[in-house]
K.L.:
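One structure follows; several queries about it will come next.
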2 protein chains.
Amino acid sequence: MSGLTIGEIAARTGLAVSAIRFYEEHGIVHPVRNDGGHRRYGRHDIRRLSFVMAAQKLGFPLADIAQHLAHLPVHKAPSKADWTRISKVFRHDIDARIAALERLRDTLDGCIGCGCLSLQACKLYNPDDVKAAEGPGPRNLVG
Amino acid sequence: MSGLTIGEIAARTGLAVSAIRFYEEHGIVHPVRNDGGHRRYGRHDIRRLSFVMAAQKLGFPLADIAQHLAHLPVHKAPSKADWTRISKVFRHDIDARIAALERLRDTLDGCIGCGCLSLQACKLYNPDDVKAAEGPGPRNLVG
DNA sequence: CCTTGATCTCAAGTGCACTTGAGAAATGAC
DNA sequence: GTCATTTCTCAAGTGCACTTGAGATCAAGG
């Protein structure tokens, strides 16, 4: 029970080996080393990395995610309370995100009606409504 | 009625002058030049740029946005049909995004219940559910 | 052993979306 | 006509999130 290799972790999470090493540099995982200097991971690291992937999809920058994870125990499984606390932060953010998208959707519905021909009235142009659409700031949703 | 300067466009959209020039390089706006070689924009360019800002918040990469805008007339206001078509694409994407977030939220609710202590059962870890959360891939939502 | 494949470190490169800087020319109020 | 402000071009730099490459070492099956 010496732990999982980086390759096994990569296979289980779907991440690239290079990405996992990169995450280590940024304090997201903290593998121990075996006699040969190779990284050995615990099962809880899979969950940390899964959390990172989920959080990234939500638009959190890595630094923020690392910040959250810094509150979890490093080498053992976090307690139920630990995860519950973090999950609630997520839950809150997701709710806000959904609300923002719904506002944007309603705004767009208005635009479809008006054809966006009126610059003064256009809700897409209107700063307040653009602000209401605040949310991600993403990268590649359409692939 | 010689058109708006880049500074005026920047003021009206909230974008940096450098960003607007950058967008021109990427085919998003097509200002004309005055005798001195300075860019002159039309009012419709404000709307094009507002569209870009909204689309970026939704996670569209610039190249895709430019692709969409390529279907609008360059130097005059687009027709109602033009905007309606584009708005519908947006509407579709927003609906999908909301659905994905709702799925993720439900998943998280499950995790709060279970405390994410079971690796096998954890929905955040479960590949299918992670896939269900597919969506953005953002940058900076928390600021 | 031997060899094949995984892993190691460290430096450099990539892609996106811009920003910054330098030096020159145009604009616009006085 | 003067002068601060704005704009111009073009090259280079920035930040994030990684990937790629080079050269060396470790691990494990036959």
Side-chain angles (χ1 to χ4, degrees), chain A residues 1-41 45 48-49 51-67 69 136-143, chain B residues 1-41 45 48-49 51-67 69 136-143:
Chain A
M1 128 127 235
S2 49
L4 300 155
T5 67
I6 196 169
E8 286 163 344
I9 292 284
R12 291 210 199 301
T13 58
L15 290 167
V17 165
S18 60
I20 298 171
R21 279 195 278 250
F22 175 79
Y23 289 153
E24 181 183 352
E25 279 180 56
H26 289 263
I28 281 165
V29 282
H30 308 273
V32 296
R33 300 303 180 107
N34 72 356
D35 287 357
H38 285 199
R39 294 168 177 84
R40 295 302 166 197
Y41 296 85
D45 287 321
R48 287 176 84 94
L49 291 170
F51 178 86
V52 170
M53 292 188 284
Q56 292 207 113
K57 283 188 178 123
L58 285 180
F60 286 94
L62 251 203
D64 286 28
I65 298 168
Q67 190 83 359
L69 287 175
R139 218 161 43 203
N140 203 340
L141 87 117
V142 273
Chain B
M1 135 130 230
S2 49
L4 301 155
T5 67
I6 195 167
E8 287 163 342
I9 291 285
R12 291 211 199 301
T13 59
L15 290 167
V17 165
S18 60
I20 298 170
R21 280 196 277 250
F22 176 80
Y23 289 154
E24 180 184 353
E25 280 180 54
H26 289 264
I28 281 164
V29 283
H30 308 272
V32 297
R33 301 302 181 108
N34 72 357
D35 287 357
H38 284 200
R39 294 167 177 84
R40 295 301 168 201
Y41 296 84
D45 287 321
R48 288 175 84 94
L49 292 169
F51 178 87
V52 170
M53 291 187 285
Q56 290 206 116
K57 282 188 180 127
L58 285 179
F60 286 95
L62 252 204
D64 286 29
I65 299 168
Q67 191 82 358
L69 287 175
R139 216 162 43 204
N140 204 340
L141 87 116
V142 273

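The analysis underlying the following values was restricted to heavy atoms, covering all of them including side chains, and did not include hydrogens, waters or symmetry mates. Being a predicted model, the structure only gives us computed values, none of them experimental.
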K.L.:
I need the OH-P distance between Tyr41(B) and dC8(D), as an integer number of Å.
P.N.:
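That distance rounds to 6 Å.
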
K.L.:
Assess the residue pair Arg12(B) and Leu4(B) against the criterion (side chain to side chain contact (heavy atoms under 4.5 Å, CB included)); give the C-alpha distance rounded to whole Å, side-chain angles, the decisive distance to 0.1 Å, and a yes or no.
P.N.:
CA-CA 10 Å; Arg12(B) 291 211 199 301; Leu4(B) 301 155; 4.2 Å; yes

K.L.:
Rounded to the Å, how far apart are Glu25(A) CD and dA11(C) P?
P.N.:
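Rounded to whole Å, this separation is 11 Å.
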
K.L.:
Find out whether Arg21(A) and Ile6(A) are in side-chain contact, i.e. whether some heavy atom of one side chain is under 4.5 Å from a heavy atom of the other.
P.N.:
yes

K.L.:
Consider the side chain of Thr5(A), meaning its heavy atoms from C-beta on, and name the nucleotide among dT7(C), dA17(C), dT19(C) that approaches it most closely.
P.N.:
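The listed nucleotide nearest to Thr5(A)'s side chain is dT7(C).
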
K.L.:
Are Arg48(A) and Glu24(A) within salt-bridge range, i.e. N to O under 4.0 Å?
P.N.:
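No salt bridge links Arg48(A) with Glu24(A).
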
K.L.:
For Arg39(B) and dT27(C), what is the distance between atoms CZ and P respectively, to the nearest whole Å?
P.N.:
14 Å

K.L.:
Under 4.0 angstrom, heavy atoms only, what part of the nucleic acid is Asn34(B) near: base, sugar-phosphate, or nothing?
P.N.:
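Sugar-phosphate: the residue Asn34(B), judged by heavy atoms under 4.0 Å, touches backbone atoms but no base.
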
K.L.:
Hey, mind stepping through Leu15(A) and Val52(A) against side chain to side chain contact (heavy atoms under 4.5 Å, CB included) and telling me if it holds?
P.N.:
CA-CA 11 Å; Leu15(A) 290 167; Val52(A) 170; over 6 Å; no

K.L.:
When the nearest nucleotide of DNA chain C is assigned to Arg40(B) and to Leu62(B) on a heavy-atom basis, which residue is associated with the more 5' position?
P.N.:
Leu62(B)

K.L.:
OP1 or OP2 of dT9(D) sitting under 4.0 Å from any side-chain N/O of Arg21(B)?
P.N.:
no

K.L.:
Round to the nearest Å and state the distance from His38(A) atom NE2 to dG5(C) atom P.
P.N.:
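Whole-Å distance recorded here is 16 Å.
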
K.L.:
Tell me: CZ of Arg33(A) to P of dC26(D), nearest whole Å?
P.N.:
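It is 13 Å, rounded to the nearest whole Å.
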
K.L.:
Over how many whole Å does the gap from Met53(A) atom CE to dA17(D) atom C1' extend?
P.N.:
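From Met53(A) CE to dA17(D) C1': 15 Å.
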
K.L.:
Separation of Glu8(A) atom CD from dA6(C) atom P, in whole Å?
P.N.:
11 Å

K.L.:
Is any side-chain heavy atom of Leu62(A) closer than 4.5 Å to a side-chain heavy atom of Ile28(A)?
P.N.:
yes

K.L.:
Starting from the 5' end of DNA chain D, give me the residue, His26(A) or Gly36(A), whose nearest nucleotide shows up first.
P.N.:
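This one resolves to His26(A).
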
K.L.:
Write down the distance between CZ (Phe22(A)) and P (dC10(C)), rounded to a whole number of angstrom.
P.N.:
16 Å

K.L.:
From the list dT19(D), dT7(C), dT7(D), which nucleotide is the closest neighbour of the side chain of Ile6(A)?
P.N.:
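The answer is dT7(C).
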
K.L.:
May I ask you to evaluate whether Tyr23(A) reaches the phosphate of dA17(D), defined as a side-chain N or O under 4.0 Å from OP1 or OP2?
P.N.:
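Result: no.
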
K.L.:
Answer yes or no: does a side-chain N or O of Gln56(B) lie under 4.0 Å from OP1 or OP2 of dC18(C)?
P.N.:
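Gln56(B) to dC18(C) OP1/OP2: side-chain N or O found under 4.0 Å.
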
